Asker: 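Quick one: this structure, given as structure tokens, is what I'll be asking you about.
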There are 2 protein chains.
Amino acid sequence: MGDIPRISEAEWEIMKLIWKSSPITSDEIISSLSDKMNWSGQTVKTFINRLLKKGAIGFEKSGRNYLYHPIVSEKECIKAENKSFLERVYDGTVSMLFSNFLEDEPLTDKEIEKLQKLLEEKKAERI
Amino acid sequence: MGDIPRISEAEWEIMKLIWKSSPITSDEIISSLSDKMNWSGQTVKTFINRLLKKGAIGFEKSGRNYLYHPIVSEKECIKAENKSFLERVYDGTVSMLFSNFLEDEPLTDKEIEKLQKLLEEKKAERI
DNA sequence: AATTTAAGTTTACGATTGTAAACAAAATAT
DNA sequence: ATATTTTGTTTACAATCGTAAACTTAAATT
């Protein structure tokens with residue numbers, strides 16, 4: 001929970017997969033990402049290794065294979081990334097962030113309604 | 001409008017200031033940021049120069065000084081950054097992004113109401 | 001058992017980034 | 001005019017990142 005290592009753009013791809021599908025073998029990671037991302041198997045291996053060194057993921061041997069699993073949680077990584085993004089781009093002003101995304105990104109009716117509900121909750125919660 | 005150069009975290013600080021206060025001298029940039037960011041004047045100069053080389057900013061001479069101004073617009077940079085962040089962290093799912101920020105970030109009542117209005121507009125707009 | 005293959009480890013290499021020192025040129029102060 | 005200060009330019013250097021090849025070891029195939 002303490003200090004999250006810095007995770008690069010490419011490494012985020014790996015992490016997302018590991019969070020979603022852990023425990024997972026390197027083989028599965030490679031099959032899943034090398035096409036989608038246009039990475040050679042070696043490249044994927046490098047990313048996996050860097051994440052190991054950074055302590056972002058771990059593994060345990062299962063037969064001759066490694067099964068990788070996250071060490072840092074998705075939640076805390078996302079939170080850290082949110083914060084850094086919000087600071088960097090919006091100087092910490094959340095409402096600007098929201099209006100920008102609202103303007104630029106398409107949302108389905110369902111998504112809008114869900115957000116409205118969330119906002120209501122948020123308002124209620126604080127009374 | 002075409003291709004935005006990649007702007008690093010430190011460079012974003014410079015850009016934000018230039019967008020806000022252009023035309024601006026290096027001296028003003030340095031005074032404004034070296035304290036706030038704990039950067040030496042030289043470091044700030046390096047960032048300014050890199051932004052020049054990347055074509056993100058330009059200058060015109062005014063006497064012996066340079067007056068810096070943005071070349072890439074704030075809007076397009078923010079948009080690019082939004083997109084890359086949304087992709088990297090949320091795999092493009094805006095609604096997830098929203099719920100996360102809503103959960104973690106405090107919002108004033110006014111901000112919430114403004115967002116609700118925006119959502120209403122967004123909904124109306126699409127009918 | 002010997003050879004091929006698969007999986008993990010080490011090394012590589014150029015680009016970018018954060019951090020600045022060193023240098024040059026021009027303006028200001030003495 | 002000369003020295004000093006300011007401002008812009010060039011060079012530096014270690015860390016990270018994207019990209020992968022080379023090497024090693026263990027397992028699977030023949």
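Chain A is the first sequence line, chain B the second, and so forth, proteins listed ahead of strands; every chain is numbered from 1. No experiment lies behind these values; they were computed from the predicted model shown.
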Asker: Tell me whether the count of non-hydrogen atoms from other residues, nucleotides or ligands lying under 6.0 Å of NZ in B:K16 goes above 12.
Answerer: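 Yes.
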
Asker: Give one of base, sugar-phosphate or nothing for B:N49, where a contact means two heavy atoms less than 4.0 Å apart.
Answerer: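 Result for B:N49 = base.
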
Asker: Quick check: are there more than 12 heavy atoms from other residues, nucleotides or ligands sitting under 6.0 Å from NZ of B:K79?
Answerer: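 Incorrect, the count does not exceed 12.
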
Asker: In whole angstrom, what separates B:R6's CZ from D:dG18's C1'?
Answerer: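 For the pair B:R6 CZ and D:dG18 C1', the rounded distance is 10 Å.
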
Asker: Whole-Å distance between D:dA15 C1' and A:K54 NZ?
Answerer: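 Between C1' of D:dA15 and NZ of A:K54: 11 Å.
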
Asker: Can you check the B:R88 CZ to D:dC17 C1' distance for me, whole Å?
Answerer: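 From B:R88 CZ to D:dC17 C1': 13 Å.
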
Asker: Is the distance from OP1 or OP2 of C:dG18 to the nearest side-chain N or O of B:T46 less than 4.0 Å?
Answerer: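 Indeed not, no polar side-chain atom of B:T46 lies that close.
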
Asker: Strictly below 4.0 Å: does B:Y66 bring a side-chain N or O up to OP1 or OP2 of C:dA25?
Answerer: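 Looking at the OP1 and OP2 atoms of C:dA25, neither is under 4.0 Å from any side-chain N or O of B:Y66.
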
Asker: D:dA20 C1' sits how many Å from A:F47 CZ, rounded?
Answerer: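 The answer, rounded to whole Å, is 10 Å.
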
Asker: Transitively linked via ILVMFWY side-chain contacts under 4.5 Å: A:L17 with A:I4?
Answerer: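 Different hydrophobic clusters.
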
Asker: Can you measure B:E60 atom CD to D:dG8 atom P for me and round it to whole angstrom units?
Answerer: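 Rounding to the nearest Å, CD of B:E60 and P of D:dG8 are 13 Å apart.
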
Asker: Whole-Å distance between D:dA15 C1' and B:E9 CD?
Answerer: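 Answer to the nearest Å: 15 Å.
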
Asker: Is the distance from OP1 or OP2 of D:dG18 to the nearest side-chain N or O of A:T43 less than 4.0 Å?
Answerer: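 It does not, given that no N or O in the side chain of A:T43 lies less than 4.0 Å from OP1 or OP2 of D:dG18.
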
Asker: In this structure, how many angstroms lie between the P atom of C:dG8 and the CG atom of A:L52, rounded?
Answerer: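 Computing the A:L52:CG to C:dG8:P distance gives 10 Å.
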
Asker: Is the phosphate of C:dA7, meaning OP1 or OP2, less than 4.0 Å from a side-chain N or O of A:T25?
Answerer: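 The answer is no; no side-chain N or O of A:T25 sits under 4.0 Å from OP1 or OP2.
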
Asker: Hydrophobic cluster membership, with links at side-chain heavy-atom distances under 4.5 Å among I/L/V/M/F/W/Y: are B:L52 and B:L67 in one?
Answerer: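 Hydrophobic grouping puts B:L52 apart from B:L67.
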
Asker: Between the base of D:dT11 and the side chain of B:R50, is one N or O donor paired with an acceptor at under 3.5 angstrom?
Answerer: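 No, no donor-acceptor pair under 3.5 Å.
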
Asker: Parallel, tilted or perpendicular: which one describes the rings of B:Y66 and B:F59, with boundaries at 30° and 60°?
Answerer: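 Taking B:F59 first and then B:Y66, their aromatic rings lie parallel (interplane angle under 30°).
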
Asker: Taking atom P of D:dT7 as reference, at what distance in whole Å does atom CG of B:L67 sit?
Answerer: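 Interatomic distance, CG of B:L67 to P of D:dT7: 12 Å.
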
Asker: Starting at the 5' end of DNA chain C and moving along, which residue's nearest nucleotide shows up first, A:Q42 or B:W39?
Answerer: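 The residue closer to the strand's 5' end, by nearest nucleotide, is A:Q42.
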
Asker: Hey, which sits more toward the 5' end of DNA chain C by its nearest nucleotide, A:K53 or A:N65?
Answerer: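 By nearest-heavy-atom nucleotide position, the 5'-most residue is A:N65.
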
